[in-house]
Amino acid sequence: MVSRVIPVDPFDLVIFGGTGDLARRKILPGLFRRFCAGQMPENARIIGAARQDLDDDGYRKMVGEAIEEFGKVGKVDKKALKAFQKQLHYVAVDAKGDGGWDALGKLLRDEEEEVVRAFYFSVGPSLFPDLAERIRSHGLAHAGVRIVVEKPFGHDLESARELNEELARHFNERQIYRIDHYLGKETVQNLMAVRFGNMLFEPLWNAQYVDHIQITVAETVGVGGRGPYYDKSGAMRDMVQNHLMQLLCLIAMEPPARFDPDAVRDEKLKVIRALDPVDPDSIVRGQYTSDGEANSYREDVENPLSKTESFIALKCYISNWRWANTPFYLRTGKRLNSRASEIAVVFKETPHSIFGIDSGRHRNVLSIRLQPNEGMTLGVTIKEPGPGGMRLIDVPLDMSFADALGPEAEEVTDAYERLIMDVIRGNQTLFMRGDEVEAAWSWTDPLIEGWERRGDSPKPYDAGSAGPDDAAFLINKDGRRWRGIKS
Ligand code: NAD
């Protein structure tokens with residue numbers, strides 16, 4: 001099945017930090033794929049803006065190398081790459097000074113030319129206010145301008161508020177696109193399609209029929225080169241406050257009246273606001289130790305006394321009619337035994353088994369995999385084939401996108417390219433609104449303050465394991481077990 005590609009309007013996309021890691025690994029290879037798919041108009045321009053002293057040719061060469069290195073599998077089409085490179089430009093710009101801004105202004109097309117103008121802030125967060133200020137003061141911010149802001153969006157509620165206020169001095173909310181690339185994943189959007197496009201699931205999607213919900217985002221890698229940054233942040237700030245909470249919102253929200261940005265984001269916000277504070281006994285924090293070969297967390301971050309968590313598991317509740325008393329178990333960590341992200345909706349057992357005790361008790365599970373192999377599985381109970389009575393087994397009704405839709409399904413799944421095209425189209429549905437971000441920090445801040453006040457240390461866990469034993473206990477004591485990765 002070949003996916004339909006609708007070209008976007010002409011645009012000038014300025015990538016501040018256009019020579020950085022994120023731009024080279026994700027943003028530019030993603031744009032090249034959109035170019036190859038025929039979605040980028042010929043008169044679209046991508047303008048790298050960073051500190052390095054480069055000219056257009058130097059930048060085109062750098063981007064070509066990045067695409068060769070980080071573009072998806074398969075050979076890069078040289079002819080297409082050459083044509084794409086022609087659409088690239090570069091200006092050396094200082095976010096903290098006035099150098100380069102006039103040159104950037106000259107390169108941008110006038111408002112009358114009806115070209116979408118977007119600025120992607122792919123630089124460290126300390127530069128976000130400087131960029132916003134200078135875009136405005138150098139006269140580059142007409143009413144239709146959009147800005148794309150990378151994570152982290154604040155470190156706590158206070159800093160997120162300050163940043164929101166800072167951006168709001170120069171841009172209105174309709175112009176601000178706060179990126180969470182989890183929302184750009186095909187499966188995440190499919191979650192909404194499955195929930196709201198089928199009659200089958202929504203009537204069962206509540207406390208009466210759902211036993212509990214699990215969200216796991218497990219990584220095998222450690223903190224890598226991000227040590228000093230990560231040590232100030234930890235798994236709660238780095239993963240839960242944004243990615244896991246966004247997934248939780250999409251799973252738990254009420255059906256919006258329309259699939260439009262504010263209708264969806266209003267419903268997500270209500271979920272965050274209905275979250276109960278979490279009991280300290282329902283939070284397990286962990287820190288990986290060395291497996292003899294790779295470093296321990298403390299070695300990775302070069303802080304022998306660090307109390308920052310590289311793993312967290314918690315149980316929380318949403319106090320509303322739909323979800324009262326239904327536990328949501330969230331878990332994420334580094335250096336675990338597998339790389340897997342899964343949302344599992346675990347339904348209740350049937351109220352009565354007509355097949356007798358020997359047939360066992362079974363629960364349907366809808367598993368939504370974000371990686372690897374994006375797709376969904378619905379576990380159903382059937383009779384075990386063969387003679388010998390009525391024995392029941394669970395089998396998956398599987399829908400792997402690659403199998404069902406063909407190889408093109410893989411082609412369209414990269415989150416960044418989809419989200420950038422949404423920016424050009426002016427669709428904010430998959431971007432976080434300022435009040436959502438602040439509400440998320442309002443929920444996580446007291447939890448973080450709680451363990452800091454108590455001086456709690458994270459539990460050590462072996463690199464390559466499923467995390468600390470206490471995390472298993474957190475769910476096992478409720479008569480349930482984790483799914484998604486090996487225990
Ligand atoms: P990086 O350090 O690799 O690149 C930083 C870029 O900013 C460079 O192009 C540099 O020239 C430019 N820059 C720095 N100071 C500047 C100044 N004064 N004026 C103009 N340009 C300046 O960083 P990165 O890893 O690409 O991350 C960029 C942003 O994206 C950060 O906010 C980061 O948190 C976020 N992010 C990165 C990743 C990732 O995988 N790298 C993932 C998610 C979010």
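The closest side-chain heavy-atom distance from Leu336 to Phe311 is below 4.5 Å. With contacts defined as side-chain heavy-atom distances shorter than 4.5 Å, the pair Val301/Thr308 does not qualify. Residues Arg331 and Ile312 are not in side-chain contact: their nearest non-hydrogen atoms beyond the backbone lie 4.5 Å or more apart. Residues Cys249 and Met253 form no side-chain contact, since every pair of their non-hydrogen atoms from C-beta on lies 4.5 Å or further apart. Using a 4.5 Å heavy-atom threshold, the side chains of Ile420 and Leu13 count as touching. Two residues are said to be in side-chain contact when any heavy atoms from C-beta on lie closer than 4.5 Å; Asn427 and Tyr177 fail this criterion. Taking the side chain as every heavy atom from C-beta outward, Ile135 and Val14 never approach each other to under 4.5 Å. When side chains are defined from C-beta on, Met245 counts as touching Thr444, because their heavy atoms get closer than 4.5 Å.
Ion pairing between Glu436 and Arg178 fails under the 4.0 Å rule for side-chain N and carboxylate O. The pair Arg433-Asp262 counts as a salt bridge, with a side-chain nitrogen and a carboxylate oxygen less than 4.0 angstrom apart. Using a cutoff of 4.0 Å between basic side-chain nitrogens and carboxylate oxygens, Arg161 and Glu158 are not scored as salt-bridged. A salt bridge does not link Lys459 with Asp469: none of the charged nitrogens is closer than 4.0 Å to a carboxylate oxygen. In this structure, Glu417 pairs ionically with Arg34, as a charged nitrogen and a carboxylate oxygen lie closer than 4.0 Å. Between Lys151 and Asp238 there is a salt bridge, since at least one side-chain N of the basic residue sits less than 4.0 Å from a carboxylate O of the acidic one.
Smallest separation of non-hydrogen atoms from Leu474 and Trp482: CD2-CZ2, 4.4 Å. When every heavy atom of Leu31 is checked against every heavy atom of Met40, the shortest pair comes out as O-SD, 3.7 Å. For the pair Leu248 and Phe328, the tightest heavy-atom approach, listed with the atom from each and the gap, is CD1-CD2, 3.1 Å. Across every non-hydrogen atom of Gly184 and Gln189, the tightest pair is O-NE2, 3.3 Å. Asn337 and Gly464 make their closest contact through CB-O, 3.1 Å (heavy atoms, listed as atom of the first residue, atom of the second, distance). Here the closest non-hydrogen pair linking Leu269 and Ala439 is CD1-CB, 3.6 Å.
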*Verify side chain to side chain contact (heavy atoms under 4.5 Å, CB included) between Ile27 and Leu22, making sure each step is shown before the conclusion.*
CA-CA 7 Å; Ile27 302 172; Leu22 182 67; 4.1 Å; yes
Side chain to side chain contact (heavy atoms under 4.5 Å, CB included) between Phe431 and Asp180: does it pass, once the steps are laid out?
CA-CA 7 Å; Phe431 295 83; Asp180 183 329; over 6 Å; no
*For Gln175 and Ile147, what are the C-alpha separation, side-chain angles and deciding distance, and is it a side chain to side chain contact (heavy atoms under 4.5 Å, CB included)?*
CA-CA 6 Å; Gln175 298 178 286; Ile147 61 166; 5.5 Å; no
Worksheet item: Are Glu349 and Asn364 close enough, and set up right, to give a side chain to side chain contact (heavy atoms under 4.5 Å, CB included), and what steps lead you there?
Response: CA-CA 8 Å; Glu349 292 175 356; Asn364 300 113; over 6 Å; no
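Between the side chain of Arg265 and the backbone N or O of Thr429, no donor-acceptor pair lies under 3.5 Å. A distance-only check finds no donor-acceptor pair linking the side chain of Asp276 to the backbone of Ile318 [under 3.5 Å]. A side-chain donor-acceptor contact under 3.5 Å links Gln214 to the backbone of Arg481. At distances below 3.5 Å, not a single donor-acceptor pair connects side-chain atoms of Glu186 with backbone N or O atoms of Ala415. A distance-only check finds a donor-acceptor pair linking the side chain of Thr332 to the backbone of Val217 [under 3.5 Å]. Judged purely by atom type and a 3.5 angstrom limit, Arg339 has no side-chain atom pairing as donor or acceptor with the backbone of Pro372. Counting only distance, with no hydrogens or angles, the side chain of Asp77 and the backbone of Ala80 share a donor-acceptor pair below 3.5 Å. In terms of modelled atom types and a separation under 3.5 Å, the side chain of Thr216 and the main chain of Ala218 share no donor-acceptor contact. When atom types are taken as modelled, the side chain of Arg237 and the backbone of Pro152 share no donor-acceptor pair closer than 3.5 angstrom. Side chain of Trp323 to backbone of Ala252: a donor-acceptor contact under 3.5 angstrom is found.
For OH of Tyr229, the number of neighbouring non-hydrogen atoms (other residues, nucleotides, ligands) closer than 6.0 Å is greater than 12. For Lys315, the NZ atom is densely surrounded, since the number of other residues' heavy atoms within 6.0 Å is greater than 12. Within a 6.0 Å sphere centred on CZ of Phe196, other residues, nucleotides and ligands contribute more than 12 heavy atoms. Glu452 CD: more than 12 foreign heavy atoms inside a 6.0 Å radius.
Going from atom CG of Asp279 over to atom SG of Cys316 covers 12.0 Å, rounded to the nearest 0.5 Å. Of the inter-residue distances, the one linking Arg226 atom CZ with Asp21 atom CG reads 10.0 Å to the nearest 0.5 angstrom. If you take CD1 on Ile176 and CZ on Phe171, they are separated by 7.5 Å, rounding to the nearest 0.5 Å. Between Lys477 atom NZ and Asp281 atom CG the span is 6.5 Å, to the nearest 0.5 Å. Of the inter-residue distances, the one linking Ile213 atom CD1 with Ile251 atom CD1 reads 5.0 Å to the nearest 0.5 angstrom. Between atom CG of residue Leu430 and atom CD of residue Gln246 there is a gap of 10.0 Å, rounded to the nearest 0.5 Å.
The aromatic rings of Phe347 and Trp205 sit perpendicular, their planes meeting at an angle over 60°, well past the 30° parallel limit. Using the six-membered ring where Trp is involved, Phe119 and Phe16 have ring planes that are parallel, under 30° apart on the 30 and 60° scheme.
Partners of Phe32 under the ring-ring contact (aromatic ring centres under 6.0 Å, His included) rule, at least two apart in sequence or in another chain, are Phe84.
Among Val223, Thr220, Asp300, the single residue meeting the side chain to side chain contact (heavy atoms under 4.5 Å, CB included) criterion with Arg335 is Asp300.
Residues Thr187 and Asn190 bring no donor and acceptor atom of their side chains to less than 3.5 Å of each other. At a cut-off of 3.5 Å, with distance as the only test, a side-chain donor of Thr377 or Arg369 sits close to an acceptor on the other residue. Under 3.5 Å, the side chains of Ser367 and Glu342 contain a donor-acceptor pair of N or O atoms. If you check the side chains of Glu309 and Tyr297, you find no donor sitting under 3.5 Å from an acceptor. Judged purely by distance below 3.5 Å, without hydrogens or angles, the side chains of Tyr230 and Ser310 never pair a donor atom with an acceptor atom.
A cation-pi arrangement, defined by a distance under 6.0 Å to the six-membered ring centre and an angle within 45 degrees of its axis, is present between Lys185 and Tyr182.
Residue pairs satisfying the salt bridge (charged side-chain N to carboxylate O under 4.0 Å, His left out) criterion with at least one member in residues 196-219, sequence neighbours excluded, are listed as follows: Arg195-Glu202, Glu202-Arg322, Asp211-Arg363, Asp211-Arg480, Glu219-Lys334.
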